[in-house]
Visitor: 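To start, I am sharing the structure in question, which I have written as structure tokens.
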Amino acid sequence: MYIEFVIIDNLLLTYLAGSAAARLCHIKARTWRLIVGAAVGTAVAVFYPFIKSVWASIAVKLALWVVLSFIMYFRTPRCFVSAVVFLGCTFALGGACYAVELALCGGKNVAEFVAKYPISLVLVCGVIVYFGLRYCIRRLNVPRVRAPYEYQTEISVFDTTVKFSAFLDTGNCVFDAKSGLPVLITDIDRFTDKLDGRAAVGFAKKLPSLRTMTLSTPAGTTVIYLVQPSEIAVYSARRRHKINAMIGLVGGQSKSFSSSHEMLLCPSVMTEVV
């Protein structure tokens, strides 16, 4: 029964710890990487009881942490930070499970605990901690509105998420003629600076095929590139709202956007938010 407990326990909790760490670090870890990492961790954990030396056990676990971190987060932004956070999440989930065992069985040994209580009890505990972490992540990272016309905006595009400090510009009445969606305006240099390496390469490849539109302004005629994100969210107070819009990238206008007003929102997308 010990082997079954180790397999089920480690598979689920390692996967949850890896997923929670990815969310905390705002990266997208591939599901297959998390599953492979959980499987490797479980295979090694089966042999823990046969390691008699404390120092050898610590060395094996540290080496396993490095290997799992490499499998789960290789070639992702902030991979080292993700590895450290993954270790913290592992302690959090393991500690929660041990707390249940300690409360119900005095922390004597796994075999006695499993004999008295269903294995699902520990696993449910791990799931509860995981979703508790997800809730805390959402609450701790909710950008707050700073003024009636200033909003934090998150844009998911080219397999990454970038954040802008946006201003609700009543003069922005630009709409994409093809999709009918309103257009949020920002500078192309500021946009590309926020992309990570992989996303920047993806954007460079897509740039020649992006649709453009021409705007007439008091300063003259301007051509903007249109990008359709997979998701756009704006934050009003402590609430998150999804909106449908295009992103309009204008070149040579970086001086027109300050650090506090990195993007110009269209009033029509904010009708249901404000």
Side-chain angles (χ1 to χ4, degrees), residues 6-48 51 57-98 122-123 125-143 152 154-164 191-206 229-231 233 240:
V6 169
I7 291 174
I8 298 175
D9 174 88
N10 276 273
L11 272 174
L12 179 62
L13 297 187
T14 304
Y15 178 87
L16 293 180
S19 178
R23 288 181 176 273
L24 279 168
C25 295
H26 301 287
I27 63 172
K28 291 185 177 180
R30 297 184 180 276
T31 302
W32 71 267
R33 285 183 173 274
L34 297 177
I35 294 175
V36 171
V40 171
T42 300
V44 176
V46 170
F47 297 96
Y48 281 166
I51 303 176
S57 177
I58 294 175
V60 169
K61 291 178 181 179
L62 285 176
L64 180 61
W65 165 58
V66 173
V67 171
L68 295 188
S69 298
F70 180 83
I71 293 173
M72 293 179 176
Y73 309 119
F74 177 63
R75 298 185 67 180
T76 62
R78 301 180 296 277
C79 56
F80 178 75
V81 175
S82 301
V84 175
V85 175
F86 168 61
L87 183 63
C89 291
T90 302
F91 278 114
L93 291 171
C97 295
Y98 180 73
V122 171
L123 302 181
C125 177
V127 172
I128 291 174
V129 173
Y130 170 72
F131 283 103
L133 283 173
R134 288 188 56 177
Y135 175 80
C136 292
I137 292 167
R138 288 197 300 268
R139 302 301 292 181
L140 290 174
N141 290 281
V142 172
Q152 291 296 318
E154 287 184 351
I155 299 172
S156 298
V157 62
F158 301 113
D159 295 324
T160 191
T161 299
V162 293
K163 297 182 180 181
F164 288 85
F191 178 81
T192 53
D193 286 344
K194 290 179 177 288
L195 300 177
D196 57 35
R198 184 174 58 180
V201 171
F203 172 70
K205 292 180 179 179
K206 288 283 186 180
S230 56
E231 182 178 298
R240 184 176 189 269

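Just so you know, these numbers use all the heavy atoms, side chains as well, and skip hydrogens, waters and symmetry mates.
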Visitor: Mind listing the side-chain donor-acceptor pairs of residues 62-69 below 3.5 Å, one per line with the distance, residues two or more places apart or on another chain?
Guide:
residue	atom	partner	partner atom	Å
Trp65	NE1	Ser69	OG	3.3
Trp65	NE1	Ala83	O	2.9
Ser69	OG	Trp65	O	2.8

Visitor: Which is it for Val44 and Val60 under the side-chain contact (heavy atoms from CB on, under 4.5 Å) test, yes or no, and what are the steps along the way?
Guide: CA-CA 9 Å; Val44 176; Val60 169; 4.1 Å; yes
Visitor: Would you say the side chain of Leu195 lies within less than 4.5 Å of the side chain of Thr160, judging by non-hydrogen atoms?
Guide: yes
Visitor: Is a donor on one side and an acceptor on the other found under 3.5 Å between the side chain of Thr42 and the backbone of Leu11?
Guide: yes
Visitor: Does a side-chain heavy-atom distance below 4.5 Å link Leu87 with Phe91?
Guide: yes
Visitor: Which value, rounded to the nearest 0.5 Å, describes the distance between Arg33 atom CZ and Phe70 atom CZ?
Guide: 7.5 Å
Visitor: Closer than 3.5 angstrom, by distance alone: can the side chain of Ser230 be matched with the main-chain N or O of Ser156 as a donor-acceptor pair?
Guide: yes
Visitor: If you round to the nearest 0.5 Å, how far is CE of Met72 from OH of Tyr15?
Guide: 9.5 Å
Visitor: Hey, are the side chains of Lys194 and Val157 touching, using non-hydrogen atoms and a 4.5 Å cut-off?
Guide: no
Visitor: Enter the distance from Glu231:CD to Glu154:CD here, rounded to the nearest 0.5 Å.
Guide: 8.5 Å
Visitor: With a cut-off of under 6.0 Å to the ring centre and 45° to the axis, is Lys206 in cation-pi contact with Phe158?
Guide: no
Visitor: Walk me through it: do Phe164 and Gln152 pass the test side-chain contact (heavy atoms from CB on, under 4.5 Å)?
Guide: CA-CA 6 Å; Phe164 288 85; Gln152 291 296 318; over 6 Å; no
Visitor: By side chain to side chain contact (heavy atoms under 4.5 Å, CB included), which residues pair with Ala21, not counting sequence neighbours?
Guide: Tyr73, Val85, Phe86, Cys89
Visitor: Taking the side chain as every heavy atom from C-beta outward, state whether Thr14 and Thr90 have any pair of such atoms under 4.5 Å apart.
Guide: no
